[in-house]
Amino acid sequence: NMGLALIALHRKAEGLALLRKTLEEYKQTHEWISQVETLKDTARFLEEAGYHADALATYRELREVAQEAAHRSQQRSL
């Protein structure tokens, strides 16, 4: 993913802009697993690049999205 590569090159703003666009598309199409995976990768790349505060915020967002996905999955199975 280009966004992740940009983060690894310490071009965080550019990378996050691309990733946010992708995440918004996933959100609009209810692709929860893709959202979770993208957030997980983003947090890891941010952490490895030394952007610890941003990584923490992304991990928190990941937790919220994962909980929402689990909730929706549970509702469908009822």
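Note that the CG atom of Leu23 and the CG atom of Leu18 stand 11.0 Å from one another [nearest 0.5 Å]. One distance of note links OG1 of Thr42 with CZ of Arg20; it measures 7.0 Å at 0.5 Å rounding. Expressed to the nearest 0.5 Å, how far CG of Asp54 lies from NZ of Lys12 amounts to 3.5 Å. To the nearest 0.5 Å, atoms CZ (Arg72) and CD (Gln67) are separated by 13.5 Å. Put simply, CG on Leu19 and OG1 on Thr38 are 7.0 Å apart, with the number rounded to the nearest 0.5 Å. Residue Tyr59 holds its OH atom at 15.5 Å from CD of Glu64, rounded to the nearest 0.5 Å.
Considering Leu6, Thr58, Asn1, Ile7 in turn, Ile7 is the only one that fulfils the side-chain contact (heavy atoms from CB on, under 4.5 Å) rule with Phe45.
A donor and an acceptor atom, one from each side chain of Glu24 and Gln28, are located under 3.5 Å apart.
Closest approach of Gln35 and Tyr26 over heavy atoms only: CG-CB, 3.5 Å. Minimum interatomic distance between Ala43 and Ala55 (heavy atoms only, all atoms of both residues): O-CB, 3.6 Å.
The shortest side-chain heavy-atom distance between Leu56 and Arg60 falls under the 4.5 Å cut-off.
By the 6.0 Å contact criterion, CD1 on Ile33 is open, its count of non-hydrogen atoms from other residues, nucleotides or ligands being 12 or less.
The side-chain contact (heavy atoms from CB on, under 4.5 Å) check on His52 picks up Glu47, with sequence neighbours excluded.
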